[in-house]
Amino acid sequence: MMLILILLLPVFSSLLLIFMQRLAWVKFLSFGLSFLELLLVSYQLLAFQSLNLSAFPFQFSTHFNWLPQYGIELYFGLDGISAVMILITALVMPFIILFGNDDVLNKSGRFHSFLHLTQAALMGVFLSLNVIVFYIFWEITLIPIFISMLVWGEENKEAITLKFFIYTFLGSLSLLFAFLFVYFQTPLPHSFNFEAFLNADLTSSAQSWLFWFLFVGFAIKIPLFPFHSWQPQTYTIAPGQITMILSAVLMKMGVYGMLRWLLPIVPLGVAQWNTVVIVLSLIGMVYASVMALQQKNLKTMVAWSSVAHGGLIGAAIFAISVQSVQGVIFQSFAHAIIISGLFAVVIIIEKRTGTSMIKNLGGIRLTAPVFAGFFLILVLGSIGLPLTNGFVAEFLMILGLYGLNPCLAFFGGFSMILGAIYMLYNYQKVCLGNNTNTIDFKEIGTTEMILFALLSFIIILTGVLPGLILNLSQISVEELFSNFYSLTN
Amino acid sequence: MVTFSNIVKYAWLVPLLPFAGFLIIIFFSRLLKGKSSGIIASALISLSFLISLLMFFAQSDSAVKSITLNIFSWLDVGALKIPFELLIDPLSLNMMLIVSGVGLLIHVFSIGYMLHDERFNTFFAYMNLFSASMLLLVMGANYLILFMGWEGVGLCSYLLIGFWFKNDLYNLAARKAFVMNRIGDLGFILGIILLFFTFRTLNFSGVFAQLSAFTPNNSTIVIITLLLLVGALGKSAQIPLFTWLPDAMAGPTPVSALIHAATMVTAGIYLIARSSLLFNLAPFTLDIILAIGLITALFAATIGIYQNDIKKVLAYSTVSQLGYMFIALGLGVYSSAIFHLTTHAFFKALLFLGAGSIIHALSGEQDIRKMGGLKKKLPITFLTFLIATLAISGFPPFSGFFSKDEILMAAFARNPLIYVLGLFGALMTCFYMFRLLFLVFYNQFRGTPEQESHIHESPALISVPLIILAILSVVGGFLNFPEIFGGKAAQANFLSVSLTNYASNAGHMAVSTEWILMAVSVLFLLFIVAFAYNRFIKQKMLPAGDEIPLAFIPKLLSNKYYVDELYNWLIVMPYTALSEKVFPKMELNIIDKTVNSFGEYTMWLGEKVRRIQAGNISFYVFAMVTGVIFFIIINLYF
């Protein structure tokens, strides 16, 4: 029942907030609600950890009938993979709300209502074990994001928002088509439940093409090369907080989708195509890293860095090993924390200087050393320095790739070098040097300092004790692969 | 009574104390006024030094020579189990003493040197972090903990080289150091991963225990050692990854001392020495190490001859001396490499701190053409610098003589040609060091009168570390006083628990040959000093000013063989062009265009189809009838 509460609280918050207009305390109410959600999730995860996990893959599962004749039911449950995902969703939300520094948005009940609605939909995506319900939540996430971008986005927002919407929507249709096909292959009576999908009778040739329908649908969301072109523009024009939620959590929907609805359902397709997909993802990683170096806009630069990280994640998912997928899940967490911090840096700079164009920045460290220090910690996490969580993630993913093919690991390992190149170059352009344009850049205030300190603390804590996250998903990932191997061999 | 096993339980304090210093100084930066942060930093590093010293003495009384300390479980994913563990054995103790001991002296020196810098506190925070990382590096009991310290050192070098971040050239140097190290680190991490897949563990003793199953030049072992070597090349600034080190002098001078002497660059040597058993199984890799070391030693020495910036001369001398350590590693005499590493830590720290003292006295001047005649005005600096110069040149009985001699002897035993080349490099070292010494301290002062009026000997905080290092540079050689002089090769014996020298080079040569070789090298050295004396003191020759065009070879050398330009042309420029022009064009014209063309095609289709529904009733009827006929036909035939 707790899961239902986790799902319903953000819905309730969203309904409550939509009626609050232009009130100074909207932001704090919104924060309070998101904090409550975080408490609920934490409580549930503690309960999850104390269970004997080896029993059945899904814990706390709940069923409600909806359209039983079509095999559609409200079926929710938690395993190690979704546990990390709901943790991410609940954990970054309070940060995203508190980092808000736009006076209009902070007072807008509608905006905060959309944030909570997105969170509710995300929770639905991560908890649903009936694919139709999953799909509905998957689509709902688009709505508040779409409206927020249209209403509060920056210049040229209409065209870019439309592109974002159509692109991701096409991806969804590709998913829906694949899901319907699998549905008709499930044992009678047909069902959309996860277990039925696992038992679907799919020939290897069907799996072969189904793989691509599912892959493209999920790959657009991450996004993986060459389906990424909506992302940098969207991240740039969306309001800062929307960009944070897009990069921190919505991106992980694609990752989660692949782990939940692709690897177990079409294992033969995965075994057939994984090398192709890995190569494609790694090309994307290198491509995005190169693109990130010379971006003119800091926000776009961070967006490209996210594409680059997504590339390595995509490759590691298909490396088909416990270590690489554990790395993927851990990176989902690490990247969520780091990227929301980096976008927070961007919106703070944007607010204070009125620009995020890199050429107008520089020398921020002169007047705001604490801010620049936190920025550096985020940069170091992003380039995977040991003792930050980014390192653990990258190491596990490269290790997993090595197990598949050493050349791929070599290629994937380039992220270590390329990441350092574009991140440090742009850090220098923004924070170092002796630019006089930013001479009146004030040091950040106490709230922001606390928020950044908390983010840095999480980055280092999970870097030193990665078991905190890894243990949540370990058994589920092992189970995923024991099933995978029994199906492919 | 402190026993070894008791005191080792506190070994984690050694890296933790300076790390705590870093945190304290960062968090309470606003409260720390005057010299206080420098004192805190120095006090904490001296505690680390004391603990290391206690462990060293406790260990010498103990029968157990090496203890692994498991602190907590760090990574645990399926078969991959990597604890956070420390290893205290002779090799790590040797390194700990150097890092914390020489590090302490550099800290104390910096209190005086950096006193007037507005970011004094930050400087000491970074210095402590640097020492902590390096201590972790040498104390880690498995390859991943070593790597953790390894990357930490890389980060600190980035922070300290770019310490004066207002200057974008310094920032560039800092980034260059970090990125170049990262290139090496990629090799290192792949090596670690292959180690894991081969041995299912990353613990040193766990790996070494399984080596008996492998034959020499086993391809897996060769690949592992080559990958580790790539990492070592980056950190220890060997060809082709050496160009960051000379630029690293952008940082404050004590940082150069720390990077060049006690920490950072020694990491690569340490890594290979630590893995001696692994490398012994890969003679192929050892030969490559030997070749790289030899080429680097000579290559860097020739560049050193034509540099006019006091820190650049020293920087290339470091690259060259590291080349000698690589020669020793390549010959499989790991203990000699560590011996030279130890003595080099003393005299190179001394040289850099001495250079710092000179630069301090001359209010920032670094060009040796504008110095001269400083002998009388800076007597302590002069004397200590002289000792360091004698030590690095390899005059007996200074420390560098013994350590370099060991390497050259091993080279002779392997192949006299290597010996000759090594000796040639040593002579060049002697020449450029005496050139430096003579130009800086002898003849007349060549700077401005204003500079001259300000010249002053540095305060005690600066000169005391110089004196201590000078003493160490003199007596350091006796650490491993060779048997030929009636010594016991104490350090080599001490290290034998951790290091196993490659067997085939262990053959001893005749004592008489050894004496002859030594005499020859000393004679040559004396000749070189006389040559330099004649050239720079008697004839008062000066290196030409920057405005005078040079002949081909001097020009090539003073421009460092244009390696930087080559890398720039081969890698940096194409990469930038890719990022600035090629890929953005591809993104716009191929990827984005393809995506948009779907939209455009839909619009076009809509435009065409729209015309069908223009209200033309007769067309509708026509379409309907055609449709009906079509379906009837289908129904009839299928």
Side-chain angles (χ1 to χ4, degrees), chain A residues 162-163 166-167 170 225-230 232 287 290-295 321-323 326-327 363 365-366 369 373 376 380 383 385-387 391-392 395-396 398-399 402-403 406 409-410 413-414 416-417 419-422 424-425 428 431-434 464-467 470-471 474 477-478, chain B residues 26 29 72-80 84 119 122 144-145 147-152 154-155 158-159 162 165-168 170-172 174-175 178-179 182-183 185-187 189-190 192-194 196-197 223 575-576 578-584 586-587 590-592 594-596 598-599:
Chain A
L162 195 66
K163 180 168 168 181
I166 294 176
Y167 212 136
L170 279 176
F225 182 85
F227 308 109
H228 62 273
S229 62
W230 62 270
Y287 179 80
V290 176
M291 284 295 277
L293 181 66
Q294 294 285 347
Q295 288 303 317
S321 81
V322 174
Q323 282 90 13
Q326 277 286 62
R365 190 174 173 178
L366 283 173
L376 186 63
L380 296 175
I383 62 183
L385 203 81
L387 289 186
F391 170 71
V392 176
F395 176 71
L396 290 175
I398 296 171
L399 185 95
Y402 199 104
F410 174 72
F414 263 83
M416 278 177 61
I417 302 170
I421 293 176
Y422 66 76
L424 292 180
Y425 176 80
Q428 178 186 331
C431 280
L432 308 181
N434 198 10
V464 179
L465 300 172
L470 290 171
N471 290 345
Q474 178 71 23
V477 173
E478 279 169 10
Chain B
I26 285 284
S29 186
F72 61 86
S73 155
W74 181 41
L75 260 181
D76 187 351
V77 184
L80 181 77
F84 196 101
R119 288 166 66 239
T122 317
L144 213 58
I145 301 297
F147 186 76
M148 199 187 271
W150 183 276
E151 287 267 279
L155 164 68
Y158 169 77
L159 293 172
F165 64 83
K166 284 189 204 173
N167 186 329
D168 265 332
Y170 296 177
N171 293 329
L172 179 68
R175 268 198 296 129
F178 193 87
V179 171
R182 270 263 158 145
I183 295 174
D185 294 353
L186 172 59
I189 200 91
L190 291 175
I192 290 176
I193 291 172
L194 183 55
F196 172 74
F197 278 107
I223 295 171
Y575 192 83
T576 313
L578 219 54
S579 175
E580 212 165 14
K581 304 207 173 72
V582 183
F583 279 12
M586 266 173 63
E587 177 77 11
I590 301 175
I591 296 176
D592 219 23
T594 315
V595 173
N596 289 341
F598 278 101

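Since the structure is predicted, the reported quantities are computational estimates derived from the model, not experimental observations. Chain A is the first sequence line, chain B the second, and so forth, proteins listed ahead of strands; every chain is numbered from 1.
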### Message
With a 4.5 angstrom heavy-atom cut-off, is it the side chain or the backbone of B/Ile590 that approaches chain A, or both, or neither?
### Response
neither
### Structural part of B/Leu155 lying under 4.5 Å from a heavy atom of chain A
side chain
### Message
Nearest 0.5 angstrom please: A/Asn434 CG to B/Asn167 CG, how far?
### Response
9.0 Å
### Query
Checking A/Val477 against chain B: side chain, backbone, both or neither under 4.5 Å from a heavy atom?
neither
### Top contributor to chain B interface from A/Gly467, A/Cys431, A/Gly403 [non-hydrogen pairs under 4.5 Å]
A/Gly403
## Note on the structure
Of A/Arg365, A/Gln326, A/Gln295, the largest count of non-hydrogen pairs under 4.5 angstrom with chain B goes to A/Arg365
### Task
Heavy atoms only: give me the nearest B/Asp168-A/Gly433 pair and the separation to one decimal.
OD1-CA, 3.8 Å
### Message
Distance check, rounded to the nearest 0.5 Å: A/Phe395 atom CZ versus B/Leu144 atom CG?
### Response
4.5 Å
### Query
Does B/Arg182 reach the main-chain N or O of A/Ile417 with its side chain, forming a donor-acceptor pair under 3.5 Å?
no
#### Entry: Contact origin within A/Leu470 toward chain B - heavy atom pairs under 4.5 Å
side chain
#### Entry: Side chain to side chain, B/Met586 and A/Tyr287, heavy atoms closer than 4.5 Å
yes
### Task
Mind listing the closest non-hydrogen atom pair of A/Pro466 and B/Trp74 along with its distance?
CG-O, 3.2 Å
### Query
So, do B/Ile591 and A/His228 sit near enough that their side-chain heavy atoms are less than 4.5 Å apart?
yes
### B/Phe598 and A/Tyr167 aromatic centres sub-6.0 Å
no
### Query
For A/Leu376, is it the side chain, the backbone, both, or neither that has a heavy atom closer than 4.5 Å to a heavy atom of chain B?
side chain
### Query
Pick from B/Phe84, B/Phe197, B/Phe178, B/Phe147: which one has the most heavy-atom pairs with chain A under 4.5 Å?
B/Phe197
### Task
Counting only heavy atoms closer than 4.5 Å, note whether B/Ser29 contacts chain A via side chain, backbone, both or neither.
neither
### Query
Sub-3.5 Å donor-acceptor pair from the side chain of A/Gln323 to the main-chain atoms of B/Val77, do we have one?
yes
### Nearest-0.5 Å distance that lies between atom CG in A/Leu432 and atom CG in B/Asn171
4.5 Å
### Query
At a heavy-atom separation under 4.5 Å, does A/Leu396 approach chain B through its side chain, its backbone, both, or neither?
side chain
### Task
Answer with side chain, backbone, both or neither: which region of B/Leu194 has an atom nearer than 4.5 Å to a non-hydrogen atom of chain A?
both
### Query
Between B/Tyr170, B/Phe196, B/Tyr575, which shows the greatest number of heavy-atom pairs under 4.5 Å with chain A?
B/Tyr575
## Note on the structure
Between the CG atom in A/Leu399 and the CD1 atom in B/Ile189, the distance rounded to the nearest 0.5 Å is 9.0 Å
#### Entry: Nearest heavy-atom neighbours spanning B/Asn596 and A/Lys163
OD1-NZ, 3.7 Å
### Task
Please say whether the positively charged group of B/Arg175, taken as NZ for Lys or CZ for Arg, lies over the ring of A/Tyr425, i.e. under 6.0 angstrom from the six-membered ring centre and within 45 degrees of the axis.
no
#### Entry: Nearest non-hydrogen partners of B/Ser579 and A/Leu293, listed with the distance
OG-CB, 3.4 Å
### Task
Evaluate the side-chain proximity of A/Ile398 to B/Leu190: yes if any heavy-atom separation is below 4.5 Å, no if none is.
yes
### Closest non-hydrogen atom pair, A/Leu366 against B/Lys166
CD2-CE, 3.3 Å
### Task
Please determine, among A/Leu387, A/Leu465, A/Val392, the option with the most heavy-atom pairs under 4.5 Å with chain B.
A/Leu387
### Query
Sub-3.5 Å donor-acceptor pair from the side chain of A/Ser229 to the main-chain atoms of B/Asp592, do we have one?
no
### Query
Side chain, backbone, both or neither: which part of A/Tyr422 has an atom under 4.5 Å from a heavy atom of chain B?
neither
### Query
Would you call A/Phe227 and B/Val595 a side-chain contact if the rule is heavy atoms closer than 4.5 Å?
no
### Summary
When the 4.5 angstrom heavy-atom criterion is applied to A/Ile166 and chain B, the contacting part is neither
#### Entry: Closest-packed option against chain B by number of heavy-atom pairs under 4.5 Å, given A/Val322, A/Ile383, A/Leu170, A/Leu162
A/Ile383
